[in-house]
2 protein chains.
Amino acid sequence: MQATKKATYQHVRDEVVNRIQNRDWPPGAILPTEVELAKEFGCARATVNRAMRELAEQGIVDRKRKSGTRVVVMPVKQAKLEITPVRQSVEEQNGEYRYNLVRREILPCPDWLASKLALPARSPVMYLQCMHYGDNQPFQFEERWINIAAVPKVVEADLETLGPGEWLLREVPFTDAEIVFSAVAADKTLSEFLGTPVGSPVFQMERTTWFQGQPVTLVRFSHHPGYRMSTRY
Amino acid sequence: MQATKKATYQHVRDEVVNRIQNRDWPPGAILPTEVELAKEFGCARATVNRAMRELAEQGIVDRKRKSGTRVVVMPVKQAKLEITPVRQSVEEQNGEYRYNLVRREILPCPDWLASKLALPARSPVMYLQCMHYGDNQPFQFEERWINIAAVPKVVEADLETLGPGEWLLREVPFTDAEIVFSAVAADKTLSEFLGTPVGSPVFQMERTTWFQGQPVTLVRFSHHPGYRMSTRY
DNA sequence: CAGTGGTCTAGACCACGGT
DNA sequence: CCGTGGTCTAGACCACTGG
């Protein structure tokens, strides 16, 4: 029964996963303690601890002091979405990336934005419209508001060649973000930029970012028709 | 300068994050070695190692043997999506959940599905249509195909009260999944079930799951108009 | 109070990959 | 080659929490 060869934390982790999947330890069951598992696998407790800690992070088991480790009954699956710059997304699909700055102006913060970002009314923001192309086909329309107080340097930035997304990524190490995905109908602007009929479904991603509590930027990406965002776990 | 009080891995981790955010260690910079950091913080190397390992998992630093640890230049942000059962989503929004099984039949696997799941042609699958309501408003329309060979018991399952999603979650510990998000236009069926005009934008999530390499189910969720999927990081 | 996981230590050996 | 991270160990103390 004892583990045969090596006792790496990965072996322990995988073996435990197997037993859970095979219902040796059914949902809701309590697993042996770390000391017991360490004895069985012939390794140190720290090794078992690391293995179990990974499983807890994955949401497969639930650990509580004194109670012990329990197999989660209805695991909440976590999918990781990788938020990559547009350029990278396009180039990973072997596409030729092209970027165009459509509009750039500084204006007083509209009320809805001030409310959303908790900014003083009419504080200055930079408003941008950009288009991203893959193989000369519309890929993504970008609409962005930047809180100038948070990034004063942006007023002098050259955003013609490097997109605002990549520029900000280099300049401001934002720490926190909220992301919202939705499906909307194309209005006239989207229709023209994305080359799709008015009213057709558009996949949107809206992201608000902060740096140490201070709002930095809100950006709305509207994707070309047929766009699919995928992931695995 | 040395760290003052405690030297938990969290203190080390947070302090390193601070220095990176403050540009003490700018993007691309090489950090001190684990031994050096351990000395500075007055702790064991294992403690530093755990701190740095977490940062590497988060994609903030990049670690290579011999080369050392480097601040990632353009971090690929990872957003975690929690995939919860519909019932839970509704109830978390204080909504009253209701479920209805619309259609249930066993039929030979259509070609597109056989192709997608790498199933033998015309192998039997169960096809389901379900509606999920929140506060008696349409929340989500579910269309699902289940590979009967993978889950024979499903033919005897009572899916009237418990939805197929929750039933499967209890019966089959699937291990792998692919998820695709998209925006589509409502066809006649979706229009009727979701109470939205034909052609209006619908947010869809399509998920295919496997258990140890064997395809289990493909499900397509079509959400009510105005649905927004959000997350933070 | 006592059992369980959470963490730290000091040391050791290993594996990868630049030089 | 040899410096760096990757991992394991044996032991210790702590922190939370159920009984």
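Bear in mind the structure is a predicted one, so any value in this text is a computation, not a measurement. A, B, ... follow the sequence lines: proteins, then strands. Residue 1 opens every chain.
Between B:N49 and D:dG6 there is a side-chain N or O to OP1 or OP2 distance below 4.0 Å. Neither OP1 nor OP2 of C:dT4 sits under 4.0 Å from any side-chain N or O of A:T69. For D:dG3, the OP1/OP2 oxygens have no side-chain nitrogen or oxygen of B:T33 closer than 4.0 Å.
Going from atom CZ of B:R70 over to atom P of D:dG5 covers 12 Å, rounded to whole Å. At whole-Å resolution of the value, CD in B:E54 and C1' in D:dG5 are 16 Å apart. C:dC16 atom C1' lies 14 Å from atom CZ of B:R63, rounded to whole Å. Regarding B:R53, its CZ atom lies at a distance of 7 Å from the P atom of D:dT7, rounded to whole Å. One interatomic measurement links the two molecules: CD of A:E34 to C1' of C:dT7, which rounds to 11 Å at whole-angstrom precision. B:D62 has its CG atom 13 Å from the C1' atom of D:dT4, to the nearest Å. Atom-to-atom, CG of A:L55 to C1' of C:dG6 comes out at 16 Å; the value is rounded to the nearest Å.
Partner of B:F203 under the ring pair (Phe, Tyr, Trp, His ring centres under 6.0 Å) criterion, out of B:F221, B:F139, B:Y227: B:Y227 alone.
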message = side chain to side chain contact (heavy atoms under 4.5 Å, CB included), that's the test. Do A:V216 and A:N147 meet it? Break it down for me.
response = CA-CA 5 Å; A:V216 175; A:N147 175 18; 5.8 Å; no

request  = Between protein and nucleotides 8-18 of chain D, map the contacts as a letter string: B base, S sugar-phosphate only, - none, heavy atoms under 4.0 Å, written 5' to 3'.
outcome  = SB--B--BBBB

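Defined by atom type and a distance below 3.5 Å, a donor-acceptor pair is present between the side-chain atoms of B:T84 and B:S89.
Atom CZ in A:R50 sits 8.5 Å away from atom CZ in A:R13 (nearest 0.5 Å).
Residues satisfying the salt bridge (charged side-chain N to carboxylate O under 4.0 Å, His left out) criterion with B:E15, sequence neighbours excluded, are B:R19.
When all heavy atoms are compared, the tightest approach of A:R104 to A:V154 is NH2-O, 3.2 Å.
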